Engineer: 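Below is one structure. I have some questions about it.
Residue numbers start from 1 in every chain, and the chains themselves are labelled A, B, ... in the order their sequence lines are given, proteins ahead of strands. Since the model is a prediction, treat every value here as computed from it, not as a measurement.
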2 protein chains.
Amino acid sequence: MKRSAKEIKRMMDHFREVVLRAGIKLTQQRIEIFREAALTDDHPKLETIFRNVRRRLPTVSLDTVYRTLHLYQELGLLAAFRPLNGPAGFDADMTHHHHFVCTRCGAIHDFVDDGLDRLALSPSARRLGQVDSAHVEIRGICAACARTPKKS
Amino acid sequence: MKRSAKEIKRMMDHFREVVLRAGIKLTQQRIEIFREAALTDDHPKLETIFRNVRRRLPTVSLDTVYRTLHLYQELGLLAAFRPLNGPAGFDADMTHHHHFVCTRCGAIHDFVDDGLDRLALSPSARRLGQVDSAHVEIRGICAACARTPKKS
DNA sequence: TTTAGTGCAAAGTTTTTGCATGTCC
DNA sequence: GGACATGCAAAAACTTTGCACTAAA
């Protein structure tokens, strides 16, 4: 789903700040690639970002998109994930949230849950190392798929 | 880490039962591929399974390993995951557990936590669809990496 | 014997890399 | 102007597929 104009503006401002602070160049390609990733919350694939950026910058190449999205991960501007089949997806929302993964259609929906954020981990978990973050992944059938009677 | 002989036997028995019940053939390749996946709890990569199975069955081919591990996922005998970089990994432990992912070395450690299993999901999460399971992924620095002073 | 499974090889996807050219600071 | 970024093309890494042969039931 499309994010609000206000939310996108906030993300773009943050993006510019991080890029400048990192001392790397703010090119047209980088701006458009980030904007495209920030536009929706449905975790677009690289191919989708590439196709949409091309509409504004027709000469952009696929490997620039790969390199740029890789760079953004290192800068902490977005998170990537790889589904079991198909290409990687990207998430420009770096605020703390959890995921609902539909096992039928593969869609991933974000949600926030204050209760889950206060998870108390048992000693068996803490013993494994230094815990930086914890996030919950729910698996199930999303509302849209539940309305569809048969499995395709 | 290597699983106990007792645990491996239990997994192999269950494996045989599921395969027979599914009405598919119990070949040498399938037995050895599953055994190799069940041998350790460190989520071996396909390449590792292939290499080790080859020591017992020198003629086994890479695509048989791919096809067989795919089949096991459909039968619910194991779970697969794809790390951000590198090939897929497999987990033959299908009992309910959570994951500790080391952001430095990439290792994934399983743990069980009764408290987490009783997670109460907020309405915002339930609204997304029918919840089948929930599992927690902790990110942090594992104990082994924490002992290593520098980042290589 | 019959059907499903395997091995081989080839191709399909997805992702990465080297280098000359172009662009931002 | 100088250094970093881009585009192109080629290759690498990973995974899937078609078909003839083999082995399990």
Engineer: For residues A:A22 and A:L75, report the shortest heavy-atom separation together with the two atoms involved.
Structural biologist: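 In this case the closest contact between A:A22 and A:L75 is CB-CD2, 3.8 Å.
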Engineer: On the side chain of B:K25, is there an atom forming a donor-acceptor pair with the base of D:dA23 - under 3.5 Å, no angle test?
Structural biologist: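 When only heavy-atom distances are counted, B:K25 does not reach the base of D:dA23 through any donor-acceptor pair under 3.5 Å.
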Engineer: Tell me if the aromatic rings of B:F100 and B:F111 count as close, with their centers under 6.0 Å from one another.
Structural biologist: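 Centroid distance B:F100-B:F111: not below 6.0 Å, so no.
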Engineer: Taking any heavy-atom pair under 4.0 Å as a contact, classify A:I24: base, sugar-phosphate, or nothing.
Structural biologist: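 Sugar-phosphate: the residue A:I24, judged by heavy atoms under 4.0 Å, touches backbone atoms but no base.
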Engineer: A quick test of your reading: do over 12 heavy atoms of other residues, nucleotides or ligands sit less than 6.0 Å from NE2 of B:H96?
Structural biologist: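 It does: B:H96 NE2 has more than 12 such atoms within range.
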Engineer: Please confirm whether the shortest side-chain N or O distance from A:T27 to OP1 or OP2 of C:dC24 is below 4.0 Å.
Structural biologist: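 Result: no.
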Engineer: Return the 5'-most residue of the pair B:L20, A:T68 with respect to DNA chain D, ranking by each residue's nearest nucleotide.
Structural biologist: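 Counting from the 5' end, the first nearest nucleotide belongs to A:T68.
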Engineer: Answer yes or no: does a side-chain N or O of B:T64 lie under 4.0 Å from OP1 or OP2 of C:dG5?
Structural biologist: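 No.
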Engineer: Which one, C:dT15, D:dG7, C:dC25, comes nearest to the side chain of A:Y66?
Structural biologist: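 In terms of side-chain proximity for A:Y66, the closest of C:dT15, D:dG7, C:dC25 is C:dT15.
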Engineer: Would you say that B:I49 contacts B:P44 through its side chain, given a criterion of any heavy-atom pair below 4.5 Å between the two side chains?
Structural biologist: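 Yes, side chains in contact.
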Engineer: Look at the side-chain N and O atoms of A:Q29 and state whether any lies under 4.0 Å from the OP1 or OP2 oxygen of C:dT23.
Structural biologist: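 Checking A:Q29 against C:dT23: no side-chain N or O falls below 4.0 Å of OP1 or OP2.
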Engineer: Any donor-acceptor pair under 3.5 Å linking the side-chain atoms of A:D110 with those of A:H98?
Structural biologist: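 No donor-acceptor contact under 3.5 Å links the two side chains.
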Engineer: Could you run down the sub-3.5 Å N/O contacts of the protein with nucleotides 18-21 of chain D?
Structural biologist:
unit_1	atom_1	unit_2	atom_2	d
D:dG18	O6	B:R67	NH2	3.4

Engineer: Take the protein atom CZ of B:F81 and the nucleotide atom C1' of D:dC14, then report the distance between them rounded to whole Å.
Structural biologist: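 Distance, rounded to whole Å: 15 Å.
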Engineer: Relative to the 5' end of DNA chain C, which residue comes earlier, B:L84 or B:L71, by the nucleotide with the nearest heavy atom?
Structural biologist: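 Whichever sits nearer the 5' end wins; that is B:L71.
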Engineer: Any idea which of D:dT6, C:dT14, C:dG7 is nearest the A:P87 side chain?
Structural biologist: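 Closest nucleotide among those given: C:dT14.
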Engineer: With heavy-atom distances below 4.5 Å as the criterion, would you say the side chains of A:V136 and B:L119 are in contact?
Structural biologist: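 Of all side-chain heavy-atom pairs linking B:L119 with A:V136, at least one is under 4.5 Å.
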Engineer: Just to be sure I understand the rule, does B:L46 reach a base, reach only the sugar-phosphate, or reach nothing, if contact means heavy atoms closer than 4.0 Å?
Structural biologist: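 Touches nothing.
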Engineer: Check this one for me: any side-chain N or O of B:R82 less than 4.0 Å away from OP1 or OP2 of D:dT15?
Structural biologist: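 Yes, B:R82 has a side-chain N/O under 4.0 Å of OP1/OP2 on D:dT15.
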